[in-house]
Amino acid sequence: TEFARRLPHINDIEPPLNKAVSELLILQEALLESHLALKEEQRTLASVYQQLAAHERNVTSSVMSSRVMHEIGNPLSSVMGLIEYVRDQDIDREEQQELLELAYGELQRMKAISRRFLKVSTLHGVETNLGELIDWITLMLTYHEQYSAIKLTVTGETSLSVHVPLEVAQVALLNLVVNAARSQNGQGELWIHISPTQDDDSLGCTPRYDRLLSHHRDHEVRLYLCDQGPDIAAELADDIFEPWMSTAQEGHGLGLAIARSSLEQHNASLLYLMKDQRHSHLTQQELSIHRSHFDGAWFMLSLPVVEH
C-alpha cells in the first residue's frame with residue numbers, strides 16, 4: 001500500500017489493491033478452515049481404517065471357524081452313526097471292535113483336521129489307494145445317521161493309487177457324496193466310476209481348465225460321482241465352487257469350495273460336468289447303461305496317478 005501511494009494515479013490504483021488484500025484475507029481464512037476440515041477427515045479415515053481392519057480379522061476368523069466346523073461335521077456325523085449302530089444293534093464282539101476302530105479312525109481324522117488348520121502338520125508325498133478310499137466311503141454311508149439307505153455302485157479301476165493324501169481325498173469325496181445323498185433325500189443310488197486317462201483324452205470342460213490341467217493329463221485317473229437327484233441349474237454352474245454358495249436350504253456353501261481348494265494343493269482338480277460334456281468321458285456302453293439312470297449332477301475328480 002505504501003508503495004502504491006507513491007505511484008502516479010494513486011487514486012486509480014489504491015481501491016483495486018485494497019480489494020485484492022481483502023480477497024486474499026478471505027482466501028486465507030477459507031484455506032485455514034479447509035486445512036482443519038482435512039485434518040478432521042484424516043482422523044475419521046484413520047478410525048474407519050481401524051474398524052475395517054478389525055472387521056477383516058473377524059471375517060477371516062469366522063471363515064476359518066466355519067471351514068473347520070464344516071470339515072469336522074462329516075466325520076462327527078459318521079462317529080455318531082457308528083455309536084448309535086453299536087448301541088442299538090445286537091452285534092458280536094468282533095464286529096463291535098471293528099466298528100469302534102472305525103469310529104476311532106474318524107476321531108483321529110478330526111484331530112488331524114484341527115492340526116492342519118493350526119499348521120502343525122503338513123500333508124505331502126502321501127499316496128492313497130482308491131480301493132481303500134471306496135471301502136471307507138462305503139462304510140461311512142452304511143453307518144451314516146441320515147444316508148444309510150443310499151446304495152453305492154462302483155465301477156472301474158479301483159486298484160490304482162494316487163498322489164493325494166488320504167485325508168484330502170476323504171474330505172473331497174465325502175463332501176460330494178453327502179451333497180449327492182442330501183439331494184436325493186437319503187434314498188436311491190449313487191454311481192462312482194474310476195477311469196485312467198488316455199493320451200488323447202480331452203477334459204471336455206472349459207478351455208481354461210483344459211489348458212490348466214493338460215500338463216499332467218497323461219498321468220492321471222478320473223473319478224466320476226453321479227447321482228439321481230436334481231441336476232445343477234445352468235445359471236448356477238459357474239458359481240457352485242464359490243464359498244457360501246449353496247442350493248440346499250440347510251447348506252452353508254463351503255463343501256465344494258473346501259473340496260476343490262484341498263485337491264488343487266496336490267495337483268488334483270474337481271470339476272462339475274454339464275450334460276453336453278458327459279459324452280466325451282465315458283464309453284458308449286457305459287453311457288447307455290448309466291446315463292439315463294443317473295441323470296442328476298456329475299462331478300469329476302482328476303487325480304495324479306502313482307506309477308509303479
Side-chain angles (χ1 to χ4, degrees), residues 71 74-75 78 102 105-106 108-110 112-113 115-116 121-141 152-180 190-205 209-227 241 255-273 277-278 280-283 286 290 294 297-308:
E71 289 208 35
N74 284 329
S78 300
L102 185 60
E106 288 302 287
Q108 288 291 95
R109 190 158 75 89
M110 292 166 62
I113 289 171
R115 287 171 60 87
R116 175 157 54 89
S121 62
T122 56
L123 297 170
H124 295 287
V126 185
E127 299 177 3
T128 294
N129 178 266
L130 294 180
E132 295 177 1
L133 177 64
I134 296 300
D135 290 342
W136 175 83
I137 199 67
T138 302
L139 284 173
M140 291 301 99
L141 275 178
L152 185 62
T153 298
V154 181
T155 58
E157 301 289 338
T158 59
S159 62
L160 297 173
S161 295
V162 295
H163 282 295
V164 175
L166 178 61
E167 179 193 332
V168 173
Q170 287 174 334
V171 167
L173 188 56
L174 188 59
N175 271 311
L176 291 174
V177 167
V178 167
N179 283 352
L190 301 177
W191 176 35
I192 291 178
H193 180 67
I194 301 172
S195 174
T197 58
Q198 304 299 322
D199 290 347
D200 58 349
D201 277 354
S202 169
L203 289 174
C205 300
Y209 280 114
D210 268 346
R211 291 192 301 270
L212 178 64
L213 301 172
S214 61
H215 66 284
H216 61 81
R217 182 179 300 167
D218 298 342
H219 306 283
E220 67 179 20
V221 60
R222 296 176 186 170
L223 187 152
Y224 301 89
L225 177 68
C226 313
D227 65 49
F241 293 104
L256 291 178
I258 291 171
R260 170 179 271 189
S261 63
S262 299
L263 288 169
E264 287 179 346
Q265 293 177 25
H266 300 278
N267 296 319
S269 66
L270 172 61
L271 301 175
Y272 163 70
L273 300 179
Q277 298 168 336
R278 299 171 186 177
S280 63
H281 289 267
L282 302 177
T283 65
E286 290 167 341
H290 297 290
F294 297 94
W298 285 34
F299 287 89
M300 180 184 74
L301 286 78
S302 295
L303 309 167
V305 71
V306 176
E307 298 182 13
H308 296 292

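Here, residue 1 is the first one in the sequence, and each next residue gets the next number. FYI, side chains are in, hydrogens and waters are out, and symmetry mates aren't considered; it's all heavy atoms of this structure. What you see is a predicted model, and the numbers here were worked out from it, not measured in a lab.
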Fill in: Pair Met140-Leu102, side-chain contact (heavy atoms from CB on, under 4.5 Å): steps then yes or no
CA-CA 9 Å; Met140 291 301 99; Leu102 185 60; 3.8 Å; yes

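- Once rounded to the nearest 0.5 Å, the distance linking CG of Leu173 with CG of Leu223 reads 6.0 Å.
- Side-chain contact check for Arg260 versus Leu271: some heavy-atom pair is nearer than 4.5 Å.
- You'll find the side chain of Ile194 reaches within 4.5 Å of the side chain of Ile134, heavy atoms only.
- Scanning all heavy atoms of the two residues, the minimum distance from Leu190 to Phe294 falls at C-CE2, 3.7 Å.
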Practice prompt. Start with the C-alpha distance between Leu160 and Val306, add both sets of side-chain angles, then the distance that settles side-chain contact (heavy atoms from CB on, under 4.5 Å), and finish with yes or no.
Written response: CA-CA 7 Å; Leu160 297 173; Val306 176; over 6 Å; no

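- Scanning all heavy atoms of the two residues, the minimum distance from Ser161 to Asn129 falls at OG-ND2, 3.4 Å.
- Closest approach of Pro304 to Val164, counting heavy atoms only: CD-CG2, 4.1 Å.
- Distance check, rounded to the nearest 0.5 Å: CG of Asp135 to CG of Leu130 gives 11.0 Å.
- Considering all non-hydrogen atoms of both residues, Val221 and Pro196 come closest at CG2-N, 4.0 Å.
- If you take CG on Leu270 and CD1 on Ile258, they are separated by 12.5 Å, rounding to the nearest 0.5 Å.
- The shortest side-chain heavy-atom distance between Leu263 and Val168 falls under the 4.5 Å cut-off.
- Between Leu301 and Ala172, the shortest heavy-atom contact is CD2-CB, 4.3 Å.
- Listed here is the closest heavy atom pair of Ala297 and Asp227: N-OD1, 3.0 Å.
- With values rounded to the nearest 0.5 angstrom, Glu106 atom CD is found 9.5 Å from Leu139 atom CG.
- To the nearest 0.5 Å, the span separating CH2 on Trp298 from OH on Tyr272 amounts to 11.0 Å.
- Between the CG atom in Asn175 and the CG atom in Leu225 there is a gap of 11.5 Å [rounded to 0.5 Å].
- Taking the side chain as every heavy atom from C-beta outward, His266 and Pro165 approach each other to under 4.5 Å.
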Item to complete: With side-chain contact (heavy atoms from CB on, under 4.5 Å) as the test, would you mind laying out the steps for Trp136 and Leu166 before giving the verdict?
Response: CA-CA 10 Å; Trp136 175 83; Leu166 178 61; over 6 Å; no

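- Counting only distance, with no hydrogens or angles, the side chain of Arg222 and the backbone of Ser195 share no donor-acceptor pair below 3.5 Å.
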